[in-house]
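See structure below.
Side-chain atoms are counted along with the backbone in the values below, which use heavy atoms only and exclude waters and symmetry mates. The chain is numbered in sequence order, starting from 1.
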Amino acid sequence: MPKWLRWAATAVFLIVVAAALDGPLFPWSPVKPGYTHFTLHRADIYYPTGTTLEEAYRQVDNFIAEAETFHRLKMPDRITVIAPRTWTDFHLQAPWQRGPVGALTLQTGTVIFITPKVGEKHFDTAEFLRHELSHAILDQNTTLWRGHKLNYQPWLFEGLAVDFGRQKAYLSEDEFISRARSEPFAPAFNGNRSDMRFNYVAWRYFLEHMIHTRGRDRFQDYLLRVMQDPDRARALFPEFFGISFDDAVQEFQARVRELGGMILPVPSRF
């Protein structure tokens with residue numbers, strides 16, 4: 001073997017080793033220095049050695065079962081949950097990710113990161129685990145490309161996750177309603193990312209509104225169809241709900257303002 005080829009092979013080997021030990025291949029590495037492995041029936045949890053594992057991580061099997069009921073889908077593959085030791089670890093393990101996100105699910109639907117932000121902000125870890133498991137179960141039930149395309153329908157993809165997460169980390173219902181009385185909803189559904197805390201809650205309650213007024217079965221039919229053709233999510237809306245997407249947003253806005261104190265008369269039931 002020529003000398004230059006041996007050098008190239010060595011360089012590739014070292015890159016792969018580095019990527020596996022604390023880089024983008026870390027989730028699949030059999031060796032994870034600095035991390036302790038906690039095994040569940042349907043998930044593997046990796047957390048910093050020398051720390052105490054939060055109770056929320058011990059509940060991941062239960063959360064997966066709840067996700068299957070909520071989404072009416074199966075989670076066929078095991079889940080790997082990683083709690084990076086530091087922000088440096090996280091950015092090495094997910095170098096494409098920019099910004100201090102609270103959690104991240106890889107497009108495979110099999111790897112979830114819960115970042116240091118959750119602890120720094122004293123957020124509820126269970127909320128973020130549930131949120132990401134919503135993403136994971138959708139990703140595991142579609143192709144990588146279609147799962148990627150679903151990200152471009154955040155009102156659906158994130159709305160479901162916020163609802164399943166029962167999240168209070170963004171805005172409370174009272175805070176949302178107070179702002180909703182004067183702020184238009186359309187920007188939240190048309191690519192305006194200036195205030196994601198408002199958007200996330202608006203998307204959640206919009207889905208609850210559609211389920212409450214049109215029925216859970218119809219919503220499930222719509223969800224499954226969109227998972228097959230994410231680019232047509234809005235175009236398919238009238239076929240399943242008898243109303244255009246934009247008109248449905250306006251209907252939802254009017255309902256929130258009319259109720260003046262609660263989003264729905266009863267909680268949604270997925």
Side-chain angles (χ1 to χ4, degrees), residues 40-43 56 59-81 103-112 124 126-168 189 200-243 245 248-249 251-252 263-270:
L40 292 167
H41 180 63
R42 305 183 67 180
Q59 298 300 316
V60 169
D61 275 356
N62 293 333
F63 296 158
I64 290 172
E66 291 176 17
E68 290 179 323
T69 299
F70 181 92
H71 297 84
R72 299 186 181 181
L73 296 167
K74 292 297 183 183
M75 187 89 80
D77 300 322
R78 288 184 69 80
I79 295 289
T80 296
V81 179
L104 173 71
T105 298
L106 298 191
Q107 202 68 70
T108 58
T110 58
V111 178
I112 292 172
D124 183 344
E127 289 185 7
F128 283 82
L129 284 167
R130 292 170 65 89
H131 181 118
E132 297 306 319
L133 285 169
S134 174
H135 293 333
I137 199 167
L138 293 186
D139 285 337
Q140 286 193 22
N141 281 276
T142 190
T143 65
L144 284 172
W145 180 243
R146 289 170 179 164
H148 170 71
K149 288 287 191 176
L150 274 174
N151 288 302
Y152 292 94
Q153 306 296 337
W155 59 273
L156 178 59
F157 191 60
E158 296 293 349
L160 276 174
V162 175
D163 203 1
F164 179 62
R166 305 171 187 161
Q167 287 185 282
K168 301 175 183 177
F189 293 86
Y200 270 42
V201 179
W203 297 336
R204 169 192 176 175
Y205 288 136
F206 174 68
L207 297 186
E208 291 191 359
H209 166 73
M210 295 307 300
I211 288 165
H212 178 73
T213 58
R214 269 70 177 187
R216 181 64 180 87
D217 291 342
R218 187 174 299 183
F219 178 82
Q220 187 69 15
D221 291 342
Y222 173 73
L223 175 63
L224 294 176
R225 182 69 178 84
V226 171
M227 288 171 65
Q228 294 299 311
D229 196 356
D231 287 336
R232 300 191 65 233
R234 297 194 183 203
L236 290 166
F237 208 85
E239 177 183 335
F240 290 86
F241 299 114
I243 187 174
F245 180 80
V249 171
E251 176 188 273
F252 168 57
I263 304 299
L264 297 174
V266 295
S268 69
R269 290 290 181 264
F270 273 69

What's the shortest heavy-atom distance between [X] and [Y], and which atoms?
{"X": "A43", "Y": "D61", "answer": "N-OD1, 3.7 Å"}
{"X": "L150", "Y": "F157", "answer": "O-CB, 3.6 Å"}
{"X": "Y200", "Y": "V162", "answer": "CD2-CG2, 3.4 Å"}
{"X": "N151", "Y": "P154", "answer": "O-CD, 3.6 Å"}
{"X": "L236", "Y": "R225", "answer": "CD1-CG, 3.6 Å"}
{"X": "I112", "Y": "I79", "answer": "CD1-CG2, 4.0 Å"}

| Derivation and outcome, side chain to side chain contact (heavy atoms under 4.5 Å, CB included), residues L156 and L223 | CA-CA 9 Å; L156 178 59; L223 175 63; 4.3 Å; yes
Salt-bridged, [X] to [Y], with N to O below 4.0 Å?
{"X": "E239", "Y": "R232", "answer": "no"}
{"X": "R72", "Y": "D217", "answer": "yes"}
{"X": "D231", "Y": "K149", "answer": "yes"}

| field | Full working for side chain to side chain contact (heavy atoms under 4.5 Å, CB included) between M227 and R146 | value | CA-CA 7 Å; M227 288 171 65; R146 289 170 179 164; over 6 Å; no
Once you round to the nearest 0.5 Å, how far does [atom1] of [X] lie from [atom2] of [Y]?
{"X": "K74", "Y": "I64", "atom1": "NZ", "atom2": "CD1", "result": "12.0 Å"}
{"X": "T110", "Y": "D77", "atom1": "OG1", "atom2": "CG", "result": "7.0 Å"}
{"X": "H41", "Y": "R78", "atom1": "NE2", "atom2": "CZ", "result": "8.0 Å"}
{"X": "D139", "Y": "L106", "atom1": "CG", "atom2": "CG", "result": "9.5 Å"}

| said: If you take the centroid of each ring, where Trp contributes its six-membered ring, are F206 and W203 closer together than 6.0 Å? | reply: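 Ring-ring flag for W203/F206: false, centres at least 6.0 Å apart.
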| said: What verdict does the side chain to side chain contact (heavy atoms under 4.5 Å, CB included) test give for M210 and F240, after you've listed the backbone C-alpha separation in whole Å, the side-chain angles of each residue and the deciding distance to 0.1 Å? | reply: CA-CA 11 Å; M210 295 307 300; F240 290 86; over 6 Å; no
Can any side-chain N or O of [X] pair as donor or acceptor with the backbone N or O of [Y] at less than 3.5 Å?
{"X": "Y222", "Y": "A233", "answer": "yes"}
{"X": "E68", "Y": "M75", "answer": "yes"}
{"X": "D221", "Y": "R218", "answer": "no"}

| field | Any residue meeting salt bridge (charged side-chain N to carboxylate O under 4.0 Å, His left out) with R204, in chain and number order, not counting sequence neighbours | value |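 Here the qualifying residues are D163, E208.
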| Looking at residues at least two apart in the chain, or sitting in another chain, which of them share a ring pair (Phe, Tyr, Trp, His ring centres under 6.0 Å) with F63? | none
Tabulate below the donor-acceptor pairs under 3.5 Å that side-chain atoms of residues 128-138 make, not counting sequence neighbours, or state none.
| from | atom 1 | to | atom 2 | distance (Å) |
| --- | --- | --- | --- | --- |
| R130 | NE | F164 | O | 2.9 |
| R130 | NH1 | E66 | OE1 | 2.2 |
| R130 | NH2 | E66 | OE1 | 3.4 |
| R130 | NH2 | F164 | O | 3.0 |
| H131 | ND1 | Q167 | OE1 | 2.5 |
| H131 | NE2 | H135 | NE2 | 3.1 |
| H131 | NE2 | E158 | OE1 | 2.9 |
| E132 | OE1 | T105 | N | 3.2 |
| E132 | OE1 | T105 | OG1 | 2.5 |
| S134 | OG | H71 | NE2 | 2.8 |
| H135 | NE2 | E158 | OE1 | 3.2 |
| H135 | NE2 | E158 | OE2 | 3.4 |

| Where do L144 and H148 land on the side chain to side chain contact (heavy atoms under 4.5 Å, CB included) test, with the steps shown first? | CA-CA 6 Å; L144 284 172; H148 170 71; over 6 Å; no
| query | Looking at F219, F245, F189, which one forms a ring pair (Phe, Tyr, Trp, His ring centres under 6.0 Å) with F237? | reply | F245
